Amino acid sequence: MSPLLVILFLSLLAVCFLLGRPLGEYLGDVLEREPVPSARFLSILERRIYHLMGIEAGDRMDWRQYLGAVLAFNLVGFLFLLALLRLQQHLPLNPQGFGPMSWPLAFNTAMSFVTNTNWQAYSGETALSYLSQALGLTVQNFLSAATGIAVMAAVARGIRRRKATNLGSFWVDLVRVTLYVLLPLAVIFALFLVSQGVVQTWMPSVQALWLAPAAAGAPTHQVIALGPAASQIAIKMLGTNGGGFFGVNGAHPFENPTALSNLVQIVSILLLPAACCFTFGKLVRDRRQGWALFLAMSILLALGTGLAGWAEHRAVPALTQPGVVQTAGSLEGKEVRFGSESSVVWSTATTAASNGSVNAQHDAMAPLAGLSQMVLMQIGEVAFGGVGSGLYGMLIFVIIAVFVSGLMVGRTPEYLGKKVEAFDMKMAALVVLIPSVAVLVGTAATVMHGQVGQWISNPGPHGFSQILYAWSSAANNNGSAFAGLSADNTFLNIGLGIAMLLGRFAPIGAVLALAGSLASKKRTPPGPGTLPTHSLFFIGVLVGIVLLVGALTFLPALAVGPLAEHFAAF
Amino acid sequence: MKLIRPLLVSFGALTLITGAAYPAVVTGLARMAFPWKSQGSLIRVQGQVRGSRLIAQATEDPRYFWCRPSSTSTFPTNAAASGGSTLAGSNPELAALVARRVQVLRTSDPGNRAPIPQDLVTASASGLDPDISPDAARWQAPRIARVRGLAEGDVLGLVNAHLERRLAGPPCVNVLELNLALESLGKAGE
């Protein structure tokens, strides 16, 4: 591990804390329906929308109504996006004249963006019209992020309220988060990106006459794809979406043009998920809980980054050839302007935070760096995780940790004064089990598929890793890829699409049911036997539980993939 | 509780705001503030677009600086279909490819015994990496000086003039700009 990596990582955490804390407080105000300092036209717009919707700002929902609204809203989003992707050839803003996406690919893509996964089995510049990118994908980048934050708020309200059913209104949460948080942040960030060289135009691709005689097999001109990229990339990074405007995502010079844009984008991956910790602390009226979650998540990310940095800093056997300068780490699949260290930090931040964007090819990284990325996804996207979803995912582990600790001393476990009982534990178990089962069953089914040999691009254990990575990414709604896997086929399009669906909405259903159950309980005042959930001791237990559950579930699969590859090579 | 009206209105309104108004506003502001960058940082020579500052152009011509190996589909540095290298370090194909790239570079400049910088024999993440390391540019200087009949010191001077040192990342050299400058250096020397 290089000193530069350590400095990069620690400054990343420091910046996320310094910016995330005030942002988290602000997000808390937005969710508490406090008046927030903002442009006046936004509050006028907010009231207009409520009026048109026929709702009041003070509306309330119980957990079933909240879940119903979440599911219905996302179903409409899915159908709209599916229609757009199938009909883009008849619609405007399609200067390259792209045809419709095939049904399986359109299903996969629509599911991917609605579930905040943003897995891409297509390449943006060769498949999508500008209209599909803006009116389809950009919209879901906003709305899937707002959905995650809304569900987190409902869960926090369930913990705070006693003998109640009201979890707030999904409509109000959705509109306020989008207008007051995501939209202003995205406008500022998009303009910063353009200042660095990210493109933002509706003009078609340009034809450039090669400066030097072109390489063999090239046409007379270099066709350079453009598009309204900055507006989409801003929210792709902030909303833990991660779906690139261009095929190679954050490695593309038009998505991530400079070393500075690279560092700021790494911060933007973690910013809102980190802020959510402090929002949660504010919402449950116990800021220490937010601190504890932030620390636990930071420890998990530090472990992952440390392992990946150590693995990536070793010499690569394929590059140890006479006549080549021997440097630490490999530049295969990396960009010169970022260098090796910041590519490692990005790779673990993006897999920990359910973002899934890449600035380097994870496929070409060292086996144990790949392992670190996979584990960060497999533990359920709880080391910061998706906006909102990372926080409620981690709460599930908090409840499991409280339960395990309670069993050891023979006391009824409680969290923030709420007794954790059989129903609550069942819901918590479902949140952990469903994505894990989807990963393992999906991987096993793919390995047994007759054509799998044509889908993987590397032989041996690394080929298995490509498959395991894909299912880990889809079922945990991350969306990053070992890009060497050819995923645009009916089996993987449909299979991974279903995994994304299960990985997103089964946990949402379970955590909202849990929130409803907790809201209905009375609050027990803390006694001498109460386990404080903000102590360093508890943070250690929590990190241990997360790693233990992950290891018990995935160690055998990891042994066949990255571990086997590592021990064969080194 | 009513569902249909809030559902459709909220989706419609938020779609228009985030999918139409937001990209349109960003485009307008970007065009005003950064007209050149928002349009792709295009380099024009006598009115003709010759490339983008941010997009590499592969060439096999020994008179020009070469960019990094590119694995875009059908031909290198295809800017209409970005694509990076996904070969694992354990893949024998990668070792063979690197050996072949070393071979090509050695053949291009048989007199140059200096070890080759790593970025010249590894494929980039985007297939469009516009930069090479300063060492990779300096390594190519003897070949370019020889083929163009220039003094090696002049070519190295050009490389140093185009060196970009940034606080936030490793130093690098933009290959397209370097080649543009090379053309004018050649003309001045004639």
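Bear in mind that the values here come from a model prediction, so they are computed numbers and not experimental data. Below, chain A is the first sequence line, B the second, and so on; all start at residue 1.
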If I measure from the heavy atoms of chain A, does [X] come under 4.5 Å with its side chain, its backbone, both, or neither?
X	answer
B:R68	side chain
B:L105	neither
B:R166	side chain
B:Y64	side chain
B:A81	both
B:A136	neither
B:S71	neither
B:Q48	side chain
B:R44	neither
B:I132	backbone
B:R113	neither

Do [X] and [Y] come close enough that some side-chain heavy atom pair is under 4.5 Å?
X	Y	answer
B:Y22	A:T138	yes
B:L94	A:N458	no
B:N91	A:P459	yes
A:L45	B:I17	yes
B:K37	A:S195	no
B:V26	A:F189	no
A:V325	B:I116	no
A:L319	B:V98	yes

[X] versus chain B, the contacting section by heavy-atom distance below 4.5 Å:
X	result
A:L211	both
A:V206	side chain
A:E125	both
A:F338	backbone
A:L143	side chain
A:N359	backbone
A:S205	neither
A:V187	both
A:A216	both
A:H462	side chain
A:A186	both
A:L4	neither
A:S342	neither
A:F80	side chain

*Does NE2 belonging to A:H51 count more than 12 external heavy atoms closer than 6.0 Å?*
no

Can you see which heavy atom on [X] is nearest to which on [Y], and at what distance?
X	Y	result
A:T126	B:A80	CG2-O, 3.3 Å
A:V324	B:P115	C-CB, 4.4 Å
A:A208	B:G51	CB-N, 3.4 Å
B:S124	A:E335	CB-OE2, 3.3 Å
B:P6	A:M53	O-CE, 3.5 Å
B:L54	A:P253	O-CB, 2.9 Å

If you count heavy-atom pairs under 4.5 Å between each of [options] and chain A, which one has the most?
options	answer
B:I55, B:T74, B:L120	B:I55
B:A96, B:S10, B:G84, B:A30	B:S10
B:A88, B:S133, B:P92	B:A88
B:A13, B:G40, B:S41	B:G40
B:A123, B:S52, B:P76, B:C172	B:A123
B:G169, B:P170, B:A56	B:P170

*How would you list, in number order, the residues of residues 151-165 of chain B that have a heavy atom less than 4.5 Å from chain A?*
none

*Could you go through the side-chain contact (heavy atoms from CB on, under 4.5 Å) check for A:R337 and B:D129 one step at a time?*
CA-CA 8 Å; A:R337 65 190 177 285; B:D129 193 341; 3.8 Å; yes

*asked:* Quick one about A:W202 and B:T27 (side-chain donor to acceptor, distance below 3.5 Å, no hydrogens or angles considered), yes or no?
replied: yes

*Using only heavy-atom distances, determine whether the side chains of B:S85 and A:Q361 contain a donor-acceptor pair under 3.5 Å.*
no

*So how far is it from A:M203 CE to B:L42 CG, rounded to the nearest 0.5 Å?*
10.0 Å

*side-chain contact (heavy atoms from CB on, under 4.5 Å) between B:S82 and A:F254, intermediate numbers included*: CA-CA 11 Å; B:S82 59; A:F254 279 160; over 6 Å; no

*In sequence, state the C-alpha distance, the side-chain angles, and the governing distance for B:L87 and A:D363, and then conclude on side-chain contact (heavy atoms from CB on, under 4.5 Å).*
CA-CA 7 Å; B:L87 295 177; A:D363 227 342; over 6 Å; no

